[in-house]
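Structure record follows, encoded as structure tokens.
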Amino acid sequence: MRNGLKPDLIERVLGGKPKYTLSELEEKFPPRDLPDGAFVTRFAPSPTGFMHIGGLYQVLINSKLAQQSHGVFMLRIEDTDTKREVKDAVRIIVDSLAQFGLQYNNDEKYGPYYQSQRRDIYHSVAADLLARGLAYPCFLTAADMEEIRAKQSAAGFPTGIYGEFARDRDLTDDEIIAHLDKGEIPSIRLYSTGNPNQRIFCKDAVRGSISFPENNEDLVLIKSNDGLPTYHFAHLCDDHFMRTTHVVRGAEWLSSLPLHYQLFRMMGWTPPQYIHTSTLDTIDADTGKQRKLSKRHDPEANVANLLASGWPVAAVLEYLFNIIASGYEEAKLKGAVKNIWEYEFRPKKIPMSGALFDMKKLEWWAKENIATMSVSDLVNNVVAWAQKYGESMHIAQVKDVDYLTRVLSIERDNPKRIRKDFITWRQTLSEVAYFWDEFFTPNRDFEFNRDLLNEFLSTFNINDDKDTWWNKIVAIANTAGVKNGDVAMNLRVAITGRTNTPDLYSIMQVMGEKRVLSRVQGALK
RNA sequence: GCUCCCAUCGUCUAGCGGUCCAGGACAUCGGAUUCUCAUUCCGGCAACAUGGGUUCGAUUCCCAUUGGGAGUGCCA
């Protein structure tokens, strides 16, 4: 135990008088007035300039938890690492959430929501800890710590600032003043009284009770270089005063759980419920081993890329949600729920082991999603995508919305028999590119049967109904002594340049007489 | 090194001591669907990491081993 610091020393140590007392803060941020069982959750990214798929995964858990319990989901920006600031980073996060339709509700009463603007709160809490002798100013320099670390690893001790290695742990007031007089700016460290031979029991909502050795490290609470809090201290202050009930975060935080429990206990506050999520993984192409998706090496890990490729946002969400709540898929297939917002899930069911990101399954969700969408929704999505992300070809294709609509309507009338060859908006447009003369590529490899095509030309009438049209094809086949399919295939390749297409009759109807004739004539040249 | 987490078909998983020679979905492979492809339908292949316990009985509980992951920063 150490003595608490007097108010005037605290003021000097912190570089200013704390703005609030603890009870003032309690009053300023009262418990929320929410129905019983409402979850207060938050997504708390550090603005690094990317929105990672794992981040989206967490946003989804957070917002879904709030939504299904009639609670609140907040967005808090953890911009306490001034060295790694990236401009536009916040905009990217906010935009991504908006595009996925994931809304947050940042009630001003509990703000501000940028940690860099909450300095007064952190310093006020730190002052309390300092006054009670549960924290102390530490004047160790980076070089000092490096030296300590080197000694520790040479001797086989765990590294870190703890016990006998915490040089400034028991500085007297006079010693502190001496440092201060030299112009040194301290960091504020936790005065840990944890005993690593003792165990602390923590709770994780999906894993249950987990025990760890008690923390004995004097971790930094307030950094000396900018006076901002570390993650641990910000988490303590923010999630308490924002009245967060459930903290959803990556499994990399699991090992700091004892520290966080320790901090909450010191303040006499109730810790939130913790939900530590596992990672979204991939198989590394070089090593063949499973590893976390990385935005650097895996383009699909970057949400911006997903959007730019034109993945249907609802499908991406459904894919991720099915990992979170594996019962969703079956409920949806059975028709019990229409979308993820209707399906209630239990935090306990969130998987605890890392899931491989399965592109094939995402594709399946996307195909299902597009196939069950109305034609007008399909068209709207494609047009919106082309306008925002499309290249000149895509933009040209969405110019005549009427024609595009007819192209995309093919074989969509029977709900049980809708084609599933559209996956992304980009791929949809390239899939149907042959409908536009400027993007049509004649097939030069196919050996056309000229007689069949000529015969077709002489009997073709765009106004024929489907049966009449087909009967003519059968007639041509009979006369020529070939299979019906041979006639159809010659036509198909002449008109579309491809051997695989949707229903030929529908294609011809959409293309119109002129286009059909010119393409067949083109094939005959 | 130390600490912690995890372990069912190729993938995501259901399973919470007997109903499991393990169920679903994706992928894959066959077959059917009066033009290709797609769709739809039917069918097939395919898993409880290993070794000890506990129990009348273990996929389910406990321990060890192995394997994978995370943490060990004045980064979050």
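Worth saying up front: this structure is predicted, and the values here are computed from it rather than measured. Throughout, protein chains are lettered first and strands after them, A, B, ... in sequence-line order, and every chain is numbered starting at 1.
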Protein-nucleotides 40-44 of chain B N/O pairs under 3.5 Å:
{"residue": "B:U40", "atom": "OP1", "partner": "A:Lys420", "partner atom": "NZ", "Å": "2.5"}

Below 3.5 Å is the cut-off: list the nitrogen or oxygen pairs between protein and nucleotides 73-76 of chain B, distance only.
{"residue": "B:G73", "atom": "OP2", "partner": "A:Arg149", "partner atom": "NH1", "Å": "2.9"}
{"residue": "B:G73", "atom": "OP2", "partner": "A:Arg149", "partner atom": "NH2", "Å": "3.4"}
{"residue": "B:G73", "atom": "OP2", "partner": "A:Thr159", "partner atom": "OG1", "Å": "3.1"}
{"residue": "B:C74", "atom": "O2", "partner": "A:Ser224", "partner atom": "N", "Å": "2.7"}
{"residue": "B:C74", "atom": "O2", "partner": "A:Ser224", "partner atom": "OG", "Å": "3.2"}
{"residue": "B:C74", "atom": "O2", "partner": "A:Asn225", "partner atom": "ND2", "Å": "3.4"}
{"residue": "B:C74", "atom": "N3", "partner": "A:Ser224", "partner atom": "OG", "Å": "2.7"}
{"residue": "B:C74", "atom": "N4", "partner": "A:Leu140", "partner atom": "O", "Å": "2.7"}
{"residue": "B:C75", "atom": "OP1", "partner": "A:Lys83", "partner atom": "NZ", "Å": "2.9"}
{"residue": "B:C75", "atom": "OP2", "partner": "A:Lys223", "partner atom": "NZ", "Å": "3.4"}
{"residue": "B:C75", "atom": "O2'", "partner": "A:Asp81", "partner atom": "OD2", "Å": "2.9"}
{"residue": "B:C75", "atom": "O2'", "partner": "A:Arg84", "partner atom": "NH2", "Å": "3.2"}
{"residue": "B:C75", "atom": "O2", "partner": "A:Arg84", "partner atom": "NH2", "Å": "3.4"}
{"residue": "B:A76", "atom": "OP1", "partner": "A:Thr80", "partner atom": "OG1", "Å": "3.0"}
{"residue": "B:A76", "atom": "OP1", "partner": "A:Lys223", "partner atom": "NZ", "Å": "2.9"}
{"residue": "B:A76", "atom": "OP2", "partner": "A:Tyr231", "partner atom": "N", "Å": "3.4"}
{"residue": "B:A76", "atom": "O3'", "partner": "A:Glu78", "partner atom": "OE1", "Å": "2.6"}
{"residue": "B:A76", "atom": "O2'", "partner": "A:Ser46", "partner atom": "OG", "Å": "3.1"}

Would you tabulate the pairs of protein nitrogen or oxygen atoms and nucleotide nitrogen or oxygen atoms of nucleotides 8-13 of chain B closer than 3.5 angstrom?
{"residue": "B:C12", "atom": "OP1", "partner": "A:Leu356", "partner atom": "N", "Å": "3.2"}
{"residue": "B:U13", "atom": "O3'", "partner": "A:Ser326", "partner atom": "OG", "Å": "3.3"}
{"residue": "B:U13", "atom": "O2'", "partner": "A:Ser326", "partner atom": "OG", "Å": "3.1"}

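Residue A:Arg419 is in base contact, counting any heavy-atom pair closer than 4.0 Å across all strands shown. Residue A:Arg412 is out of contact with every strand shown, counting any heavy-atom pair closer than 4.0 Å. At the heavy-atom level, A:Pro158 lies nowhere under 4.0 Å from the strands shown. A:Ser211 comes within contact range of the sugar-phosphate backbone alone, with a heavy-atom separation under 4.0 Å but no base atom that close.
Every side-chain contact (heavy atoms from CB on, under 4.5 Å) that A:Lys349 has, sequence neighbours left out, goes to A:Arg346. By the side-chain contact (heavy atoms from CB on, under 4.5 Å) test, A:Ser409 is found to be paired with A:Val375, A:Thr405, residues two or more places apart in sequence or in another chain being considered. The ring-ring contact (aromatic ring centres under 6.0 Å, His included) search around A:Tyr104 returns none, not counting sequence neighbours. With sequence neighbours excluded, the residues satisfying side-chain contact (heavy atoms from CB on, under 4.5 Å) with A:Arg119 are A:His123, A:Leu228. Shown here are the side-chain contact (heavy atoms from CB on, under 4.5 Å) partners of A:Ala325, two or more places apart in sequence or in another chain: A:Phe321, A:Tyr343, A:Phe345. Partners of A:Ser187 by side-chain hydrogen bond (donor to acceptor under 3.5 Å, both in side chains), not counting sequence neighbours: none found.
Rounded to a whole Å, the CD1 atom of A:Ile210 is 15 Å from the P atom of B:G71. Separating the CD atom of A:Glu363 from the P atom of B:A27 is a distance of 9 Å, rounded to the nearest angstrom. Computed from coordinates, the A:Ile473 CD1 to B:U36 P distance equals 13 Å when rounded to whole Å. If you measure from atom CD of A:Glu330 to atom P of B:G24, you get 9 Å, rounded to the nearest angstrom. What separates CG of A:Leu362 from C1' of B:A25 is a distance of 14 Å, to the nearest Å. Distance NZ (A:Lys334) to P (B:G24): 13 Å, rounded to an integer number of Å. The CZ atom of A:Phe212 sits 14 Å away from the C1' atom of B:C2 (whole-angstrom rounding). The nearest whole Å value for the distance from the CG atom in A:Asp281 to the C1' atom in B:G69 is 8 Å.
Across the strands present, B:A7 finds its partner in B:U66; the criterion is a Watson-Crick or G-U wobble pair with both atom distances under 3.5 angstrom. Pair assignment for B:G1: B:U72, on the basis of Watson-Crick or G-U wobble contacts that are both within less than 3.5 Å.
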Sequence neighbours excluded and cut-off under 3.5 Å, please list the side-chain donor-acceptor pairs for residues 478-487 of chain A, or say none.
{"residue": "A:Thr479", "atom": "OG1", "partner": "A:Ala475", "partner atom": "O", "Å": "2.6"}
{"residue": "A:Asp486", "atom": "OD2", "partner": "A:Lys483", "partner atom": "N", "Å": "3.3"}

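B:C61 and B:U55 are spaced 10 Å apart, taking the C1' atom of each and rounding to whole Å. Across the P atoms, B:A27 and B:A22 are found 23 Å apart, a figure rounded to whole Å. For the P atom pair drawn from B:A47 and B:C4, the interatomic distance equals 35 Å after rounding to whole Å. When the P atom is compared between B:A49 and B:U13, the two are found 15 Å apart, to the nearest whole Å. Here, B:G15 and B:G24 have their P atoms 15 Å apart, quoted to the whole Å. Here, B:G30 and B:G69 have their P atoms 35 Å apart, quoted to the whole Å. For B:C45 and B:U40, the C1' atoms lie 22 Å apart once the distance is rounded to whole Å. Comparing the same atom, P, in B:C62 and in B:U28 gives a spacing of 39 Å after rounding to whole Å.
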- [ ] Step by step, work out the ring pair (Phe, Tyr, Trp, His ring centres under 6.0 Å) result for A:Tyr231 and A:Trp253.
- [x] CA-CA 10 Å; A:Tyr231 170 86; A:Trp253 294 111; 3.7 Å; yes
Task: Pair A:Tyr261-A:Phe264, ring pair (Phe, Tyr, Trp, His ring centres under 6.0 Å): steps then yes or no - done: CA-CA 5 Å; A:Tyr261 264 69; A:Phe264 274 92; 7.9 Å; no
Task: Under 4.0 Å protein heavy-atom contacts per nucleotide of nucleotides 58-67 of chain B, with B for base, S for backbone only and - for none - done: ----------
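Side-chain atoms of A:Asp503 and base atoms of B:C35 include a donor and an acceptor less than 3.5 Å apart.
Of the N and O atoms on the side chains of A:Arg207 and A:His276, not one donor lies less than 3.5 Å from an acceptor on the other residue. Side-chain contact of A:Asn195 with A:Glu214: a donor-acceptor pair under 3.5 Å is absent, judged by distance alone. Side-chain N/O atoms of A:Tyr136 and A:Asp218 include a donor and acceptor closer than 3.5 Å. Using modelled atom types and a 3.5 Å distance limit, the side chains of A:Ser192 and A:Gln262 yield a donor-acceptor pair.
Proximity of A:Arg249 to the phosphate of B:G71: no side-chain N or O atom is located under 4.0 Å from OP1 or OP2.
Under the 4.5 Å side-chain criterion, counting only non-hydrogen atoms from C-beta, A:Asn443 is in contact with A:Phe446. A:Tyr122 has its side chain within reach of A:Ile222: a pair of non-hydrogen atoms, C-beta onward, lies under 4.5 Å apart.
Comparing A:Pro213 and A:Asp421 by the nucleotide of RNA chain B whose heavy atom lies nearest to each, the residue mapping closer to the 5' end is A:Pro213.
Listed by first then second residue, pairs satisfying ring pair (Phe, Tyr, Trp, His ring centres under 6.0 Å) with a partner in residues 468-493 of chain A read A:Trp469-A:Tyr505, not counting sequence neighbours.
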